[in-house]
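Some notes on the structure that comes next.
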Amino acid sequence: MPAASLFDHFVAAHGSAPERILLEDGSGTGWTGAMADAQSARLARRLAELGCRPGDRVLLQAASSPAWLWVYLACLRSGYVIVPVSADYTGAELRYFLLDAEPAVALADPPRLEQLRSAAAGLPVHVDSLEALDAAARDGAPADAPGPSTGDLAALLYSSGTTGRPKGARLSNANLVANALTLADAWGFSPGDRLLHALPLHHAHGLFVAVGTALVAGARIMLRPKFDAADIVAQLPRCTVFMGVPTHYTRLLAEPGLTPQACAGVRLFVSGSAPLGAALHAQFAAATGHRILERYGMTETLMLTSNPLHGERRPGTVGRPLPGVDVRIGDGSGVSLATGATGEVEVRGPSVTDGYWRQPAQSAAALTPDGWFRTGDLGQLSADGYLTIVGRSKDLVITGGLNVYPREVELVLDALPGIAESAVVGVPHPDFGEAVVAVVVPATEPAPSADALLAAARRQLAGYKTPKRVFFAPVLPRNALGKVRKAELRERYRDAFAGGEPSTATASRPA
Ligand code: AMP
């Protein structure tokens, strides 16, 4: 008998209590597990009528809504491969995904439907409105369709694309099940949990870390249409778990309603997708009494490490490997580095992808010769197994032949008075090859002087790590998951040394 699929786990979790609420939307309307089961069956049949067969792709571009999740469940139950794409993508980007994934059906919500139709012009794909499909299926008789066997491809997720052409990471049912069961266990999920969910559904964080874990645990999902700090604070008293990206926590801290009383019923705050600064961790603890649990993973591997539910949550680290996951610090060639050394984070485990969609060369390049997945992140493991992420390998700055890990410099800058946050990148330099520059968001008006910042940084950092220039900016450019767009910063400041080295470290505001 094939191992249970993610859909089987959802049925197992809700089967004994079909009237328990599985999902409530922004208006407070609730859907039971039985309703979700029935609607996903009708949608699965409707998709089959539109030509979907197990293994066919279903592309979905829509804002978060219950219908979004019913289509996801329909795909899971019938073996259609969901291809969720960001609601922000343009027609040109959609065209790329349609050509690459070759879906049988593509769905969008009404504001995006015309764009999707234009992008799909001339392609053999059925384009439809998500809402219309959901409404039409409601009238249909209950139906069932064959379930996928574990190992079958369940989802294709395109990388967030902060650089280069997005590649579709192949995720199987076995990957999704391993991730969801491990997290539900590690984070102590139970049917009594209410997960406050304001993450984008097209991303691994929102769909697999949040929804997947709740689905297999039988927990309630409180789905918000988008992240709105005031709305989240208003909902906190009703939830037990909140998952967010660091930017969410920064915004929550700015809300006057974020008090220990508002968080009294919450048992767990989780952060991931981007580094959570130790200062932010401390500020949140001071404001709420809660120590945020930081975890680490990526689309291709799903979750890899986590700080513990019980035990030491060490700020600035992403915790220890989750059960079943092996993590090592390597050099990409199969050699493991010593404890404390900085190198590439290499991983193995049941939630790791088997490769990229129709990209055999890229899939092979992602593995070491001995079969470990190369995350592209640089990290260090402590003697007691806690992992610290110091940056992406492509963001490593090599200046005068010496390696500078941007995160190390950012941590020093972020801790200086008058700095809200910073991003460090390398830009071309006529003498050093690359030079370290810092982009700083001031916390005070007027901003601290660049000379004072650099002098303070220099006291904690070797000369070659200290930024050669500081630029002040009102905000850092970030993507929807809160990751800083470093490629954009490198581009913005690429000519910083085109006229040669300024006589002293200087600061300026970008135009
Ligand atoms: P994505 O595939 O969009 O989920 O991006 C995965 C990448 O996000 C990882 O490879 C890391 O670079 C970064 N990331 C995720 N979680 C963390 C974390 N807790 N701390 C630092 N970086 C993280």
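Just so you know, ligand 1 is whichever comes first in the structure, and atom 1 is the first atom listed for that ligand.
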Discussion item. Taking 4.0 angstrom as the limit and counting only heavy atoms of Thr299, give me the atoms of ligand 1 inside it, by number and element.
Written reply: 1 (P), 2 (O), 3 (O), 4 (O)
Item to complete: Return yes if a side-chain donor-acceptor contact under 3.5 Å exists between Arg295 and His205, otherwise no.
Response: yes
Item to complete: Determine whether the side chain, the backbone, both or neither of Ser271 has a heavy atom under 4.0 Å from any heavy atom of ligand 1.
Response: neither
Worksheet item: Which of the atoms in ligand 1, numbered in the order shown and given with their element, are less than 4.0 Å from a heavy-atom of Pro275?
Response: 20 (N), 21 (C), 22 (N)
Worksheet item: Looking only at atom types and distance, does a side-chain atom of Thr388 sit under 3.5 Å from a main-chain N or O of Thr317, one as donor and one as acceptor?
Response: no
Response to the item:
Numbered in order shown, the ligand 1 atoms found under 4.0 Å of a heavy atom of His203 are 1 (P), 3 (O), 4 (O)
Worksheet item: Should the pair Asp395-Arg490 be classified as a salt bridge under the 4.0 Å nitrogen-to-oxygen rule?
Response: yes
Worksheet entry | Parallel, tilted or perpendicular, as decided by the 30° and 60° cut-offs, for the rings of Tyr96 and Tyr158 | perpendicular
Item to complete: Say whether Glu294, considering both its backbone and side-chain N or O atoms, lies within less than 3.5 Å of an N or O atom on ligand 1.
Response: yes
Practice prompt. Below 4.0 angstrom from a heavy atom of Ser273, which ligand 1 atoms are there? Numbered from 1 as shown, please.
Written response: 8 (O), 13 (C), 14 (N), 15 (C), 16 (N), 17 (C), 23 (C)
Worksheet item: Does Arg267 count as lying over the ring of Phe189, i.e. NZ or CZ under 6.0 Å from the six-ring centre, within 45 degrees of the axis?
Response: yes
Discussion item. Within the 4.0 Å heavy-atom shell around Val318, which atoms of ligand 1 are there?
Written reply: 18 (C), 19 (N), 20 (N)
